[in-house]
**Q** 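Below is a structure I'd like to ask you about.
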Amino acid sequence: MKTHLAENLKTYGIENWGAGYFEVSDEGNLVVSPDNHRTVEVMRIVEDLNKRGVTCPVVLRFPQILAAQVRKLNECFRNSISEFGYTKLYRGVYPIKVNQRKEVVEEILRAGQRYGFGIEVGSKPELMGALSLEQSPESLLILNGLKDESYVAYSYLAAQMGRNVVVVCESLQELFHVVRMRKKDEPMPLLGFRVRLNARGSGKWQESGGATAKFGLSATELLEAITILTRDGLIGQMKLLHFHIGSQITQIKRLKTAIKEAARVYAKVRRMGVEIEYLNVGGGLGVDYDGSKTSSDSSMNYTMQEYTNDVVYTIKDVCENETVPEPTIITESGRAITAYHQMVITNVVRAIDVAREVNGLKVTDDDPQVVNDLYHIWKNVNPKNYREFFHDANELKDELFTLFNLGYLTLEDRARGETLYWNGCKKILKYAKSARYFAEEFEELQKLLAVKYVCNFSVFQSIPDFWAVGTLFPIMPIHRLNELPTVNATLADITCDSDGKVDQFVDLKDIKDFLELHPYHPEQPYYLGILMTGAYQDIIGDYHNLFGMANEALVIVDENGKYHFQQVIGGDQTGEVLGYYRYPMKELIEGFEKNLMIRVRQGDLDAAQAKKLTDRYKADLARYPYLT
Ligand code: PLP
């Protein structure tokens with residue numbers, strides 16, 4: 001059998017976006033390679049999980065990829081620091097809001113231990129979670145986000161626990177809380193300030209930066225803060241300046257401009273005699289989801305090494321120019337660390353094709369003229385007339401509906417007319433695609449003719465950012481990659497929301513309106529992987545239609561290429577999800593039984609039948625809410 005591996009690699013673009021973590025085996029299966037020499041076929045893992053009763057949708061996590069990304073970021077900074085002769089250190093922190101899962105944060109801290117990698121939190125609950133984790137002694141704990149007194153009080157508590165805690169004030173009010181809570185002879189957190197830069201990022205989150213951003217202090221407020229701290233004898237605690245111009249910065253130029261401005265602010269404050277030690281350049285390091293290496297929203301026009309080079313070089317340059325000591329550099333990269341390590345596996349449950357086969361369809365002279373004309377188009381379209389026939393077919397389709405609405409056609413006439421129209425269009429599209437130029441007017445047709453593959457997952461739970469901000473995630477079959485994918489498909493999820501769909505796909509040069517998939521045979525499972533979902537998706541995902549959190553497996557690959565489940569975590573059960581929305585289990589069962597009892601009293605149901613139904617209801621409350 002001819003293998004189509006090479007074509008498929010190109011079709012799905014794995015080499016463009018895979019960052020070396022994904023490949024395809026000779027058997028045509030998607031392979032994960034958490035480091036360069038260990039590989040595992042995703043299909044094997046999915047089959048194994050199925051045998052254990054862990055069904056789709058299932059989230060696969062590869063903690064080794066998290067560790068590899070932590071190493072990569074730290075090593076890139078080390079390279080830049082050594083290349084430019086930078087005199088201070090890099091001390092990264094992981095913003096836990098990007099993926100708060102305990103297993104994720106712990107793995108990042110474990111891998112980051114030798115680099116003094118710390119944690120950033122953006123709320124008191126996140127801080128309370130962080131205080132339960134083990135951090136390396138030299139790592140930092142950065143407190144961002146809006147703070148009330150009680151959050152600020154926890155910064156003191158963290159200092160008492162011996163953490164290198166920096167409370168980053170977003171406003172003067174927060175500073176007042178910090179100053180007020182100080183107790184003589186008790187440990188105090190270090191102080192930082194988030195500065196509102198004039199510079200903005202690029203891409204979807206650029207509103208986080210700029211003079212009108214919702215976060216941080218203006219230059220005037222920063223000066224006021226320095227005056228207050230000097231007056232209160234606390235200026236020695238002011239150690240950090242912070243800025244963040246938004247996530248997924250797509251253009252390196254924007255980042256450089258922001259760093260130049262921030263480094264200048266640092267240098268000027270330093271020259272005022274304030275001994276700032278840390279310059280925190282925030283998050284924003286992008287992920288190349290579509291592999292195009294461009295400044296499109298799902299990509300970035302720079303590499304991680306280029307990013308660290310620019311950060312280090314720009315800060316060094318400004319410091320030299322202003323003759324101030326260089327600061328220790330902090331970043332709060334979350335997306336770049338977590339995105340790659342996670343994928344969602346879903347199974348196709350149905351294919352919806354507007355152009356269903358015309359099998360056995362007969363048309364005679366007795367049938368309405370419009371049906372006969374559509375039949376003629378379907379039968380006689382060829383490479384020479386396809387364009388003209390397309391225009392005719394569209395007119396005939398309008399006529400078909402007008403006649404139907406006026407009552408001149410039967411439902412059968414309409415059904416046959418529609419079938420002939422779509423099948424005629426299918427042939428027309430085939431000729432349009434093989435022509436020298438693919439005319440624009442057929443692009444829409446191509447979209448309309450895409451087959452909808454209904455997949456067992458919820459867009460709102462598993463890839464909310466596709467729906468909310470249009471982030472494109474690489475999607476591909478995890479098997480059959482030796483076979484040519486001959487169906488142009490879009491994906492629909494199992495929620496009853498028309499937005500629960502994926503109809504834009506990564507492409508090197510463009511955004512694809514459909515994904516090339518294999519023909520779906522209901523008797524054979526067909527699995528798709530939605531990749532690079534490790535950043536922000538878990539936490540933003542919601543419970544639309546009460547589809548809860550998906551099953552999960554943490555997979556480790558050993559030296560011999562054998563995989564092991566570090567942990568298998570069952571997804572939400574139906575009863576649990578209902579519980580989140582205030583249907584306590586007890587009340588659910590009591591309510592269900594009460595409704596059945598009414599039927600029993602009316603004599604419509606006997607007691608044994610009622611018991612059977614209740615038992616089934618109880619059992620289903622303990623089951624996975626997705627399709628089985
Ligand atoms: N730091 C702050 C203050 C943020 O608001 C964010 C997210 O927007 C991050 C860090 C993480 O950014 P990223 O995931 O782009 O690295």
Side-chain angles (χ1 to χ4, degrees), residues 66 69-70 72-74 76-77 90-101 104-105 108 112 117-123 126-127 130 140-147 151 166-171 174 192-197 200-210 213-217 240-252 254-255 258-259 262 278-289 295 297-300 302 304 307-308 311 329-342 464-465 468-469 471 532-540:
L66 281 175
Q69 286 298 100
V70 171
K72 189 171 168 194
L73 179 63
N74 280 281
C76 282
F77 264 108
Y90 165 66
R91 279 269 174 270
V93 289
Y94 169 63
I96 71 173
K97 73 165 167 217
V98 180
N99 192 323
Q100 289 106 330
R101 293 263 149 153
V104 170
V105 184
I108 291 171
F117 210 70
I119 301 182
E120 183 262 6
V121 298
S123 67
E126 285 184 357
L127 173 58
L140 293 164
L141 174 60
I142 306 270
L143 312 193
N144 284 331
L146 297 187
K147 297 169 206 71
Y151 184 2
V166 187
V167 53
V168 179
C169 298
E170 298 261 1
S171 65
E174 289 179 14
F193 290 93
R194 180 160 176 174
V195 180
R196 215 180 294 156
L197 297 184
R200 275 169 185 259
S202 57
K204 297 266 179 207
W205 287 273
Q206 55 177 292
E207 295 287 309
S208 309
K214 120 179 179 197
F215 311 99
L217 275 72
L240 180 147
L241 288 177
H242 171 233
F243 74 93
H244 169 76
I245 56 165
S247 192
Q248 184 66 8
I249 297 169
T250 56
Q251 296 177 34
I252 191 76
R254 295 289 183 95
L255 188 98
I259 292 178
Y278 302 103
L279 181 56
N280 180 351
V281 305
L285 171 56
V287 167
D288 196 1
Y289 292 97
S295 57
D297 285 345
S298 298
S299 187
M300 59 204 261
Y302 56 96
M304 193 186 270
Y307 168 85
T308 62
V311 170
I329 298 171
I330 299 173
T331 66
E332 300 175 347
S333 292
R335 185 186 296 274
I337 288 178
T338 54
Y340 292 98
H341 92 283
Q342 177 179 320
D465 272 356
V469 285
T471 303
M532 291 161 73
T533 60
Y536 298 102
Q537 304 316 291
D538 294 73
I539 203 64
I540 294 174

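The shown structure was predicted, so the numbers you read here are calculated from the model rather than taken from an experiment. Remember, it's 1-based here, ligands and their atoms both numbered in the order they're listed.
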**Q** Run the numbers for me: atoms of ligand 1, each under 4.0 Å from some heavy atom of Arg194, listed by number.
**A** 3 (C)
**Q** Closer than 3.5 angstrom, by distance alone: can the side chain of Ser333 be matched with the main-chain N or O of Ala336 as a donor-acceptor pair?
**A** no
**Q** With nothing but distance in play, are any N or O atoms of Gly282 less than 3.5 Å from an N or O of ligand 1?
**A** no
**Q** Number the atoms of ligand 1 from 1 as they appear, then name those within less than 4.0 Å of a heavy atom of Gly334, with their elements.
**A** 13 (P), 14 (O), 16 (O)
**Q** For Gly534, does its backbone N or O pair with a side-chain atom of Asn99 as donor and acceptor, under 3.5 Å?
**A** yes
**Q** Where is the tightest heavy-atom contact between Phe243 and Ala262, given as atom of each residue plus distance?
**A** CE2-CB, 3.0 Å
**Q** Side chains of Tyr90 and Thr331: do they bring a donor and an acceptor to under 3.5 Å?
**A** yes
**Q** At under 4.0 Å between heavy atoms, which part of Glu170 makes contact with ligand 1: side chain, backbone, both or neither?
**A** neither
**Q** Applying a 4.0 Å heavy-atom criterion (strictly less than), which segment of Lys97 is in contact with ligand 1: side chain, backbone, both, or neither?
**A** side chain
**Q** Closer than 3.5 angstrom, by distance alone: can the side chain of Thr308 be matched with the main-chain N or O of Cys76 as a donor-acceptor pair?
**A** yes
**Q** Looking at Glu332, which atoms of ligand 1 are within less than 4.0 Å of one of its heavy atoms?
**A** 1 (N), 2 (C), 3 (C), 9 (C), 10 (C), 11 (C), 12 (O), 16 (O)
**Q** State whether the side chain of Arg196 and the backbone N or O of Gly216 hold a donor-acceptor pair below 3.5 Å, judged by distance alone.
**A** yes
**Q** When you measure from the side chain of His242 to the backbone N and O of Asn280, does any donor-acceptor pair fall under 3.5 Å?
**A** no
**Q** Ignoring angles and geometry beyond distance, decide whether His244 reaches within less than 3.5 Å of ligand 1 through its nitrogen or oxygen atoms.
**A** yes
**Q** Which of the atoms of ligand 1 are close to Gln248, meaning less than 4.0 Å from one of its heavy atoms?
**A** 15 (O)
**Q** State whether the shortest distance between N or O atoms of Arg335 and N or O atoms of ligand 1 falls below 3.5 angstrom.
**A** yes
**Q** Can you classify the ring geometry of Tyr307 versus Phe77 as parallel (below 30°), tilted (30 to 60°) or perpendicular (above 60°)?
**A** perpendicular
**Q** Could you list which atoms of ligand 1 come closer than 4.0 Å to a heavy atom of Gly283?
**A** 10 (C), 12 (O), 16 (O)
**Q** Can you check whether Val93's main-chain N or O pairs, donor with acceptor, with Glu120's side chain at less than 3.5 Å?
**A** no
**Q** Is there a donor-acceptor contact under 3.5 Å from the side chain of Gln69 to the main chain of Thr338?
**A** no
**Q** Give yes or no for whether the N/O distance cutoff of 3.5 Å, strictly under, is met between His242 and ligand 1.
**A** no
**Q** Would you check the N or O atoms of Ser247, main chain and side chain alike, for any that come under 3.5 Å of an N or O of ligand 1?
**A** yes
**Q** For Pro95, counting its heavy atoms only, list the atoms of ligand 1 lying under 4.0 Å from any of them.
**A** 11 (C)
**Q** Yes or no: does Ser333 have any heavy atom under 4.0 Å from an atom of ligand 1?
**A** yes
**Q** Looking at ligand 1, does any of its N/O atoms fall within less than 3.5 Å of an N/O of Leu285?
**A** no
